[in-house]
Amino acid sequence: MKPLNRLLGVALFGTACAAFAQVPASYPADYSKIVDAAKKEGKVVVYGATDTNAVAPLMKDFQALYPGVTVEYSDMNTTEVYNRVISEQAAGAGSADVVWSSSMDLQVKLVGDGYALTYASPEIPKLPDWSVWKNEAYGITYEPIVFAYNKRLLKPEEVPQSHAELVTMLNANAERFKGKVTSYDIEKSGVGFMLVTQDVKANPNFWDIPKTFGNVGARFQSSSGTMMERLSSGENLLAYNLIGTYAILRAKKDPSIGVVMPKDYTLVMSRVMFISKSAKNPNAAKLWLDYLLSQRGQKIIANQSDLGSIRSDVEGEVTAAGLQKTLGASLKPVPVNPTLLTYLDPAKRLDFLKQWQSAVKGTK
């Protein structure tokens, strides 16, 4: 019996060491309980609006770190994420453990409406204050909002470096840019609408921009992919308010694409995540959230997923640390808080859209 006891002791010690090895040194001593409970749950169900190809390296590394905890990821658009969470929970049906979307305002609305589980991640001390709300909503990425242009058809000196230069340049060359400028259709794109409502806060002369778009007959699209394709082909020369991580990744593969981070101010968006209050796998959900916020996860977000790291201790071209060095105070992160809800009020949204359309059409 003694050899058997020794074998059992070694096995139990090995199991304890394995669990301990998966708990970062800065985490609470009892975090291993979350790891063990997550392994019993066996999976985490995630609804997301981030392309599966970008999430794949994170899923692979997470599952290597926590064997036995599978990530079931459903990729959908931002509106679908929002509507599906509401409808499934209203019906009492199975839904996501974790919800992750680039529509920051819709995510904050879901959290404000009580859909989120309160959980204080041990990674909070490493995050910027603006990126966490109520210990429920967490900004995961750091993504600048940029101008992009066709390098074959525009010389460097012709490319605007600020929002004011954009207006001046387009109005001075209206015929050349007729039908050659593109941006989001803010009535169809949730992200596009959210970005221009943030522009209003950052830019006292914002309404000159839609007026100028009307002057040059700008073309509006519901997706960044369509804008990038038309920019690459030369059908459009300049794109406004593109998500920088997408544009920079495309520029690495396509020599015809150039990217400008406006020098007067550069908005920064973050894909917001929360754990569902009705999560069937809450411990696995906590592991997934903490992993994405950890330095290990953020390095993959920055260097493999190309989404931009929100942590100041992760280096890279498109990270909070890297962009702070080049743009400094001109960076304007969109805070994860209730100010995002202002234009989700139906009356205010309608008024904003009417003002936008009037500016584009040149009417009062």
Side-chain angles (χ1 to χ4, degrees), residues 19 22-24 27-28 30-50 52 54-76 78 80-82 84-86 88-89 92-104 106-124 126-127 131-141 270-298 300-301 305 307 310 336:
Q22 293 167 342
V23 179
Y27 280 28
D30 62 352
Y31 192 82
S32 58
K33 294 178 181 178
I34 294 178
V35 177
D36 292 340
K39 290 186 175 182
K40 289 178 182 177
E41 291 167 355
K43 67 177 181 179
V44 55
V45 178
V46 182
Y47 289 175
T50 300
T52 303
V55 182
L58 293 162
M59 292 167 59
K60 181 179 179 182
D61 187 57
F62 174 81
Q63 289 168 176
L65 183 61
Y66 298 111
V69 185
T70 303
V71 180
E72 294 185 2
Y73 185 77
S74 294
D75 179 7
M76 53 193 87
T78 55
E80 187 180 357
V81 169
Y82 178 79
R84 191 163 167 183
V85 169
I86 290 175
E88 287 178 348
Q89 298 214 16
S95 192
D97 300 311
V98 175
V99 184
W100 191 20
S101 175
S102 53
S103 276
M104 299 177 70
L106 294 180
Q107 288 290 88
V108 168
K109 179 167 174 52
L110 286 171
V111 171
D113 289 345
Y115 287 91
L117 178 75
T118 300
Y119 172 63
S121 170
E123 296 292 348
I124 287 177
K126 299 293 186 180
L127 305 175
S131 69
V132 182
W133 183 48
K134 294 173 59 179
N135 288 346
E136 294 179 1
Y138 290 84
I140 303 292
T141 61
S270 185
R271 295 166 197 263
V272 175
M273 179 175 288
F274 66 85
I275 298 171
S276 173
K277 184 182 284 186
S278 61
K280 292 184 177 179
N281 305 294
N283 294 287
K286 292 172 184 177
L287 276 196
W288 175 244
L289 173 67
D290 292 339
Y291 164 75
L292 291 180
L293 293 172
S294 72
Q295 188 179 49
R296 174 171 173 159
Q298 288 282 309
I300 292 178
I301 282 175
S305 299
L307 293 174
I310 200 166
V336 182

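Model, not experiment: these values are computed from the prediction.
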J.: Under a 3.5 Å distance rule, please check whether Q63 uses its side chain to pair with a backbone N or O of G68 as donor and acceptor.
T.: no
J.: Does anything in residues 95-104 pair up under salt bridge (Lys or Arg N to Asp or Glu O under 4.0 Å), and if so which pairs, sequence neighbours excluded?
T.: none
J.: So E72 and V46, side chain to side chain contact (heavy atoms under 4.5 Å, CB included) or not? Walk me through it.
T.: CA-CA 6 Å; E72 294 185 2; V46 182; over 6 Å; no
J.: Does a donor on one side chain sit under 3.5 Å from an acceptor on the other, for Y31 and D290?
T.: yes
J.: Start with the C-alpha distance between Y73 and T52, add both sets of side-chain angles, then the distance that settles side chain to side chain contact (heavy atoms under 4.5 Å, CB included), and finish with yes or no.
T.: CA-CA 8 Å; Y73 185 77; T52 303; 4.0 Å; yes
J.: Given N283 and V35, is the side chain to side chain contact (heavy atoms under 4.5 Å, CB included) satisfied, shown in steps?
T.: CA-CA 7 Å; N283 294 287; V35 177; over 6 Å; no
J.: For the pair Y138 (side chain) and S121 (backbone), establish whether a donor and an acceptor sit closer than 3.5 Å, ignoring hydrogens and angles.
T.: yes
J.: For a side chain to side chain contact (heavy atoms under 4.5 Å, CB included) check, start with the C-alpha distance between M76 and Y82, then their side-chain angles and the critical distance, and finish with the verdict.
T.: CA-CA 10 Å; M76 53 193 87; Y82 178 79; over 6 Å; no
J.: Any donor-acceptor pair under 3.5 Å linking the side-chain atoms of T141 with those of Q298?
T.: no
J.: Within the 4.5 Å heavy-atom criterion, are D75 and Y47 side-chain neighbours or not?
T.: no
J.: Determine whether more than 12 heavy atoms belonging to other residues, nucleotides or ligands lie under 6.0 Å from atom NZ of K60.
T.: no
J.: I'd like to know if the side chain of S270 and the backbone of V272 have a donor-acceptor N/O pair within less than 3.5 Å.
T.: no
J.: Side-chain donor-acceptor pair under 3.5 Å between D61 and Y66, yes or no?
T.: no
J.: Below 4.5 Å, heavy atoms only, C-beta onward: do I86 and L110 meet side chain to side chain?
T.: yes
J.: Knowing that exactly one of I300, I301, I140 qualifies, which makes a side-chain contact (heavy atoms from CB on, under 4.5 Å) with L307?
T.: I301
J.: Does a side-chain heavy-atom distance below 4.5 Å link L293 with M273?
T.: no
J.: Quick one, K40 with D36, criterion salt bridge (charged side-chain N to carboxylate O under 4.0 Å, His left out). Give me CA distance, side-chain angles, the key distance, then yes/no.
T.: CA-CA 6 Å; K40 289 178 182 177; D36 292 340; over 6 Å; no
J.: I would like to know whether E123 and Y27 meet side-chain hydrogen bond (donor to acceptor under 3.5 Å, both in side chains); could you show each step before the answer?
T.: CA-CA 8 Å; E123 296 292 348; Y27 280 28; 2.4 Å; yes
J.: Applying ring pair (Phe, Tyr, Trp, His ring centres under 6.0 Å), name anything that partners Y291, two or more places apart in sequence or on another chain.
T.: F62
J.: Just by distance, do the side chain of S131 and the backbone of G139 share a donor-acceptor pair under 3.5 Å?
T.: no
J.: What salt bridge (Lys or Arg N to Asp or Glu O under 4.0 Å) pairs are there with at least one residue in residues 271-283, not counting sequence neighbours?
T.: E143-R271
J.: Under the 3.5 angstrom rule, does the side chain of E41 hit a backbone N or O of A284 as a donor-acceptor pair?
T.: yes
J.: S101 and Q107: side-chain hydrogen bond (donor to acceptor under 3.5 Å, both in side chains), yes or no, with the steps?
T.: CA-CA 7 Å; S101 175; Q107 288 290 88; 4.7 Å; no
J.: Is there a donor in the side chain of E136 and an acceptor in the side chain of Y115, or the other way round, less than 3.5 Å apart?
T.: no
J.: Has S103 got a side-chain atom pairing as donor or acceptor with L106's backbone, closer than 3.5 angstrom?
T.: no
